[in-house]
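Everything below concerns the one structure shown next.
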Amino acid sequence: MPEEKVPLSFYSAYDTRTLARNLLGCELVHESPDGLTSGIIVETEAYLQDDPACHAFNRRTPRTEPMYGRAGTAYVYLIYGMYQCFNIVSNAEGIGEAVLIRALQPTAGIELMEIRRSIRAGKAPMTPSAARITLKELCRGPGKLVQAMGIEKGMHNATLLSGGTLYLRPQVTAPQEIIEGPRVGINLGRELPYRYYIKDNIFVSKA
DNA sequence: GTACGGATAGTCT
DNA sequence: GACTATCCGTACC
């Protein structure tokens, strides 16, 4: 399988909402020491600088610094004190915007995903015949996909461009139909329709 | 299969 | 010290 990474222009050429749409159908890949895992992005949310739900809405702080960096940078933050969320920085440098990845359709490293998810969930590691987390539950939600993919807070501010082990492959085929609607789990800015997902895809976190 | 409550820690004021 | 928003176990149907 040839390594074909999405280039900088993909992340920087369009506004954040367009990027959030264009990311659907792309494949997120992580080459970790434990093995390779990957999944097709089926659900995203855009976070804009003039949007009260965006971490960069108020002030430029140490935590949000990567959001102002080059497009194609990873922005990883802690949520609920116990889960991480994975975002991709968009737009030009100096503009604090990003796209949250909310769900994946697993494509490779399924067994490794099951192990990571089981361990993090406090269950015994998988055995082949053991009761398992089902395929569609593996990456259905921002915290889940971070666990399954082995993304860690150390990857905060890492680049998805050349040189890294975490990157995107381009769409093989464009999604047939994209639904947009309100984002999940936020109060401020909840009326903004900045959530995008592939219609009828069973791997989205919430229809 | 839906519904509810509890766990948790980093960031900023 | 206030604020933040996901996952999971349990209950119940």
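Residue numbers begin at 1 in each chain, while the letters A, B, ... track the order of the sequences.
The 5' end of DNA chain C is approached more closely, in terms of each residue's nearest nucleotide, by Leu188(A) than by the other of Leu188(A) and Ser205(A). Closest-nucleotide positions on DNA chain B for Lys153(A) and Met82(A) were compared, and the one nearer the 5' end corresponds to Met82(A).
Remark: Lys5(A) is positioned above the aromatic ring of Tyr167(A), its terminal NZ or CZ atom under 6.0 angstrom from the ring centre and at most 45 degrees off the axis. A cation-pi arrangement is absent between Arg63(A) and Tyr75(A) under the rule of less than 6.0 angstrom and at most 45 degrees off the ring axis.
Put simply, the side chain of Arg169(A) never gets that close to the backbone of Ile40(A): no donor and acceptor are under 3.5 Å apart.
Going from atom CG of Leu78(A) over to atom P of dC7(C) covers 13 Å, rounded to whole Å. Rounded to an integer number of Å, the gap from OH of Tyr83(A) to P of dC8(C) is 5 Å. A straight line from NE2 of His55(A) to P of dT11(B) spans 11 Å, rounded to a whole angstrom. Spacing between atom CD of Glu152(A) and atom P of dG10(B) amounts to 15 Å, rounded to whole angstrom units. Protein atom CD1 of Ile79(A) is 8 Å distant from nucleotide atom P of dC7(C), rounded to whole Å. Protein atom CG of Leu138(A) is 14 Å distant from nucleotide atom C1' of dC7(C), rounded to whole Å. Atom OH of Tyr77(A) is separated from atom C1' of dC3(C) by 14 Å (rounded to the nearest Å). We find that CZ of Phe57(A) is positioned 13 Å from P of dA5(C), with the value rounded to whole Å.
Closest of all the heavy-atom pairs between Arg195(A) and Ser205(A) is NH2-OG, 4.0 Å.
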Reading DNA chain C 5' to 3', how would its secondary structure be written in dot-bracket notation, given Watson-Crick and G-U pairs with both distances under 3.5 Å, brackets [ ] for crossing pairs and | for partners on other strands?
-> ||||.|||||||.

Show the numbers, then the answer: is there a side-chain contact (heavy atoms from CB on, under 4.5 Å) between Gln84(A) and Ile151(A)?
-> CA-CA 8 Å; Gln84(A) 309 287 338; Ile151(A) 295 169; over 6 Å; no

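The salt bridge (charged side-chain N to carboxylate O under 4.0 Å, His left out) contacts involving residues 10-25 of chain A comprise Arg21(A)-Glu180(A), where partners must be two or more places apart or lie in separate chains.
We find that Glu45(A) and Arg102(A) are joined by a salt bridge, their nearest charged nitrogen and carboxylate oxygen being less than 4.0 Å apart.
The side chain of Arg117(A) places an N or O atom within less than 4.0 Å of a non-bridging phosphate oxygen (OP1 or OP2) of dC8(C).
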